[in-house]
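Order of listing sets the numbers, starting from 1, for every ligand and every atom in it.
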Amino acid sequence: MKFFLDTANTEDIKRYAQLGLVDGVTTNPTLVSREGRDFETVIKEIAQIVSGPVSAEVTATKAEAMIEQARNEVKWADNIVVKIPMTEEGLKAVKVLSSEGIKTNVTLIFSVSQGLLAAKAGASYISPFLGRLDDIGGNGIQLVKDLRQVLDTYNFKTEIIAASVRGAQHVQEAALAGSDIATIPAAVFGKLWSHPLTDKGLASFASDWDKFQAQQK
Ligand code: G3P
């Protein structure tokens with residue numbers, strides 16, 4: 001399973017990229033706007049920090065304009081994936097872009113039919129939003145399981161990115177559901193290796209070791 005960071009913060013990306021466990025980055029207009037810096041500059045910096053795919057979203061709403069933005073974004077670096085919203089215009093754009101060999105990540109997926117259409121249009125990635133679906137009483141993990149089944153049944157190469165991840169539980173369940181990737185906010189990523197019993201165990205090992213050392217003197 002691949003781990004992407006869901007952030008546009010280059011300090012967070014540098015910090016966690018050092019672990020060697022970050023396979024890519026996803027951004028969206030909200031995440032980029034939080035940085036208060038120029039979009040192109042931020043994306044170019046991120047694309048230099050990580051060698052894996054970096055999703056940069058289009059802001060246009062009409063297919064032609066999305067395609068134009070996409071063709072421009074992919075000039076910024078070799079590892080840019082163009083994030084396209086799940087709309088009728090977005091599907092048109094994905095179809096054209098995939099025929100040109102431009103990688104796309106179709107975002108804001110909340111149903112199997114949306115995922116299936118995006119895959120059929122040639123999306124490289126689809127991003128079901130787990131947290132936002134759970135927030136309205138849906139089941140984000142069930143959606144990932146269903147998408148996995150449909151993509152496998154029809155042999156699509158499209159990869160599933162579990163997005164809108166809210167905690168370690170989502171990451172674990174997305175892995176069990178067969179998601180290819182989880183895109184994880186930095187705050188959640190930083191907690192994935194923590195467990196209170198690990199901390200408790202380490203503290204007792206250290207204290208037993210100190211006592212033992214004192215006895216040796
Ligand atoms: O980047 C897309 C998605 O992961 C956003 O998540 O937390 O804003 O629902 P969130």
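In this model, a donor atom of one side chain and an acceptor atom of the other lie less than 3.5 Å apart for Q69 and T59. Counted by atom type alone, D146 and Q142 present one or more donor-acceptor pairs between their side chains at under 3.5 Å. Counting only N and O atoms by type, the side chains of T183 and T26 include a donor and acceptor under 3.5 Å apart.
The pair K211-D208 counts as a salt bridge, with a side-chain nitrogen and a carboxylate oxygen less than 4.0 angstrom apart. Note on R148 versus D180: salt bridge recorded, some NZ/NE/NH1/NH2 to OD/OE distance being below 4.0 Å. Taking 4.0 Å as the cut-off between side-chain N and carboxylate O, E40 and K44 count as a salt-bridged pair.
Looking only at protein heavy atoms, the nearest one to atom 6 (O) of ligand 1 is S164 CA, 3.3 Å. Of the protein's non-hydrogen atoms, the one nearest atom 7 (O) of ligand 1 is R166 NE, 3.8 Å. Nearest protein heavy-atom neighbour of atom 2 (C) of ligand 1: F129 CZ, 3.3 Å. From the protein, the heavy atom lying nearest to atom 8 (O) of ligand 1 is R132 NH2, 2.7 Å.
Some N or O of D6 is nearer than 3.5 Å to an N or O of ligand 1, by distance alone. Distances between N or O atoms of N28 and those of ligand 1 include at least one value under 3.5 Å.
Counting heavy atoms under 4.0 Å from ligand 1, residue K83 touches it through the side chain alone.
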